[in-house]
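What follows is a short report on a single structure.
In what follows, every heavy atom counts, from backbone to side chain, and hydrogens, waters and symmetry copies are set aside. Model, not experiment: these values are computed from the prediction.
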Amino acid sequence: TQRAYRIFVQRLESFGNRLSERHHEALHEIVGTFAMKVAGHMQGRRAIALATGLGKTQSIVAFCAALAQLGREDVSLMIAAHKIDALCDLKREMVQAGVPAEWIGLVHSYPHDAAKATAGIPGFASEPATTGNETRPILLATHQGVKAGRDLSERNVFKGRQRDLTIWDESLIVAHAWAVALRKMRADLAGLRILTEADRSAADCLDFLGTAAQSLEAEFARLEQPGQEARELRLDTPDEPALSAFAALLRRYKASPELLDFLEMAGQPLRIVTTEGGGVVCYRVSVPAELENGVVLDASFPILGLEQAEPSIKRGGRWCDNIKQWDRVTVHQLRHSAGRWTTKRDVKLFAAEVAELVPQLPADEGVLIFTFLDRDGVKYRQTIERALRAAGVDLGAMVETVDGPKPRIVFRTWGQETACSRHAYCSRVTFAGVLHRGELDIAAHLVGQAGDLLRAVQAKEVREVIRSEVAH
């Protein structure tokens, strides 16, 4: 612990940070938690909510560097992050801190091309994937790569035994959940019947979907009666080849994603929730149970009701609160709906608001603009860029930073807001639309995160979780 703590402090101070006493205590507690975990003195999943920019990633680097200095090649870790480029950055920082490169395994499927990856071209990694990872003490993998259904033998096993500790960077969501609204299913099935009216090969698929829909509607009607509680449902489901044939038929007729989702759900235990007019939900655990000895480094944990629904995650980091001050942060809110549907409808209005704002900001400050990925024919970024140019904004302008010139205007889409600090120089941030998750989606993930299909799902809790996800 002490070796890792000293390295941790040295690294943060070398970046120009001045650490308060409380910050020192938090740093010691984080690496101490790592040490207690690998020594077997602390079990289960522990969440540490150190605020962004205070050293979560550097805690990993410092602990691994301490292991290297002490020659503790017998201690094994798996470190999971959301994005491959974050893992590549982490590997380089570890090597720079003195961790032998041969100690570090890196799992990904991207072709190695440092130039393309650095230029931000999707699908390339700045570091090559490694082999022989079961003999490397430190393994870096993406969240998706750790999910159940993948071969964990090259991830969670070190020299024939389970790795001592898993460090999970960012939110730990342990289950994949599905949800289909009953009204949507009913309408899509009616449309499919019209499309396949002359196709006899569609009869079995339509019969199965129709019978299933009737069963689900009957269960929803039962739950609408006073005093009724949810129960597990199992449908009379065709075998796997038949379901695959049904899925192929739905794709041929360009059926809705919801009907395809339902086919994937059909063979699993189901449950009806009355949220949002009624829907069918199910889940599948995606983070293996054997990854129980872990530390979750997530600044947002205190506000995330969804993540907190997992009963094995206990909050640690008693020194991590109130280190960072926010008195220099000002939030301006335009009171207007800003979900995907509204932003899609009013995309030009949102673009005009951004174009009115940016010219008023200091020309020597970076501006980070979040919006949605292009979808349904709507080009969000392109529309905003066009409005900015019309307002006289130079999209190619650069600003001076301590690391040299950087682009003044930066665009990111939702999904890119985590595990990246390369745009920290941008002192101005604007949200052109904010991601809102649906009530049924949240209800499904609540039961999945809790690992309890019949968990109580209250409308108030669902609304609170949606708000926390927006804030996150």
Shortest non-hydrogen pair, Phe301 vs Ile313, comes out as CE1-CG2, 3.7 Å
Lys184 with Glu276: basic N within carboxylate O range, under 4.0 Å
no
Salt bridge or not for Lys56 and Asp169, using N-O below 4.0 Å?
no
Lys/Arg N to Asp/Glu carboxylate O, Asp188 vs Arg193, below 4.0 Å:
no
In terms of side-chain geometry, is the basic nitrogen of Glu385 or Arg381 positioned less than 4.0 Å from the acidic oxygen of its partner?
yes
CG on Leu357 to NE2 on His332, rounded to 0.5 Å
8.5 Å
Minimum heavy-atom separation for Ile173 and Val287, please, with both atom names.
O-CG2, 3.7 Å
Could you pull out the closest heavy-atom pair between Ala202 and Leu249, with the gap in Å?
CA-CD1, 3.6 Å
Could you tell me which non-hydrogen atom of Met265 sits nearest to which non-hydrogen atom of Val280, and how far apart they are?
CE-O, 3.4 Å
Assess whether side chain to side chain contact (heavy atoms under 4.5 Å, CB included) is satisfied between Phe124 and Thr118, documenting all intermediate values.
CA-CA 9 Å; Phe124 294 93; Thr118 303; over 6 Å; no
Side-chain donor or acceptor of Tyr283 paired with backbone N/O of Trp178 under 3.5 Å
no
May I ask you to test the Glu400-Asp364 pair for a side-chain heavy-atom distance under 4.5 Å?
no
To check you understand the geometry: which heavy-atom pair defines the closest contact between Glu461 and Ala456, and what is its length?
OE1-O, 4.1 Å
Residues Glu310 and Arg45 bridged, charged N to O under 4.0 Å
yes
Between Asp376 and Val378 (side chain of the first, backbone of the second, donor and acceptor by atom type, cut-off under 3.5 Å), is there such a pair?
no
Does the Glu307 side chain pair with the main chain of Leu172, one donor and one acceptor, at a distance under 3.5 Å?
yes
Might you work through the side chain to side chain contact (heavy atoms under 4.5 Å, CB included) test for Leu270 and Val281, ending with a clear yes or no?
CA-CA 6 Å; Leu270 305 175; Val281 304; over 6 Å; no
Under a 4.0 Å N-O cut-off, is there an ion pair linking Glu217 with Arg186?
yes
Calculate, to the nearest 0.5 Å, the distance between atoms CD and NE2 belonging to Glu170 and His143 respectively.
7.0 Å
Can the ring centroids of Tyr380 and Phe372 be said to lie less than 6.0 angstrom from one another?
yes
Considering only NZ, NE, NH1 and NH2 on the basic side and carboxylate oxygens on the acidic side, decide whether Arg234 and Glu232 come within less than 4.0 Å.
yes
Would the His436 and Trp341 ring centres measure less than 6.0 Å apart?
no
Test your reading of the model: is there a side-chain donor-acceptor pair from Asp239 to the backbone of Ala242, 3.5 Å cut-off?
yes
Donor-acceptor pair, distance only, cut-off 3.5 Å: does the side chain of Gln268 make one with the backbone of Glu264?
yes
So for atom CG, which belongs to Asp236, do other residues, nucleotides or ligands contribute more than 12 heavy atoms lying within a distance under 6.0 Å?
no
Is any side-chain heavy atom of Glu356 less than 4.5 Å from a side-chain heavy atom of Gln360?
yes
Check whether any side-chain heavy atom of Val410 lies under 4.5 Å from a side-chain heavy atom of Tyr425, and answer yes or no.
yes
Determine yes or no for a side-chain-to-main-chain donor-acceptor pair under 3.5 angstrom, with Ser286 supplying the side chain and Val174 the backbone.
yes
Using a strict 4.0 Å threshold on nitrogen-to-oxygen distance, state whether Glu439 and Arg463 make a salt bridge.
no
Mind checking the OG1-CG spacing from Thr413 to Asp374? Nearest 0.5 Å is all I need.
9.0 Å
Answer yes or no: is there a donor N or O on one side and an acceptor on the other, between the side chain of Asn17 and the main chain of Leu12, under 3.5 Å?
yes
Please walk me through it: do Val399 and Glu365 pass side chain to side chain contact (heavy atoms under 4.5 Å, CB included)?
CA-CA 6 Å; Val399 293; Glu365 295 186 18; 6.0 Å; no
For residues Gln308 and Gln449, is any side-chain donor paired with an opposing acceptor at under 3.5 Å?
no
May I ask you to test the Val358-Leu388 pair for a side-chain heavy-atom distance under 4.5 Å?
yes
Partner of Ile167 under side-chain contact (heavy atoms from CB on, under 4.5 Å), chosen from Thr33, Ile48, Ile60:
Ile60
Side chains of Ser201 and Asp199: any donor to acceptor distance under 3.5 Å?
yes
Is any side-chain heavy atom of Val146 closer than 4.5 Å to one of Met78?
yes
Considering only heavy atoms from C-beta outward, does the side chain of Leu139 approach that of Leu77 to under 4.5 Å?
no
Separation of Ile104 CD1 from Leu90 CG (nearest 0.5 Å)
7.5 Å
Could you please spell out the steps behind the side chain to side chain contact (heavy atoms under 4.5 Å, CB included) verdict for Met185 and Leu216?
CA-CA 10 Å; Met185 184 176 178; Leu216 299 176; 4.1 Å; yes
Would you call Glu219 and Arg271 a side-chain contact if the rule is heavy atoms closer than 4.5 Å?
no
Begin with the C-alpha distance, continue with both residues' side-chain angles, and end with the deciding distance and a verdict on side chain to side chain donor-acceptor pair (under 3.5 Å) for Thr371 and Arg412.
CA-CA 7 Å; Thr371 190; Arg412 302 288 280 180; over 6 Å; no
Give a yes or no on whether the backbone of Ala338 and the side-chain of Thr342 come within a donor-acceptor separation of less than 3.5 Å.
no
Arg284 CZ to His176 NE2 distance, which is reported to the nearest 0.5 Å:
6.5 Å
Looking only at heavy atoms, which two atoms of Ser59 and Leu297 are closest? And how far apart?
OG-CD1, 4.0 Å
Donor-acceptor under 3.5 Å (Lys348 side chain, Arg345 main chain):
no
Side chain to side chain, Phe262 and Leu209, heavy atoms closer than 4.5 Å:
yes
Do Phe431 and Trp414 have their ring centres less than 6.0 Å from each other?
yes
Derivation of the ring pair (Phe, Tyr, Trp, His ring centres under 6.0 Å) call for Phe350 and His336
CA-CA 10 Å; Phe350 279 80; His336 191 286; 5.6 Å; yes
Distance check, rounded to the nearest 0.5 Å: Ile384 atom CD1 versus Ile409 atom CD1?
11.0 Å
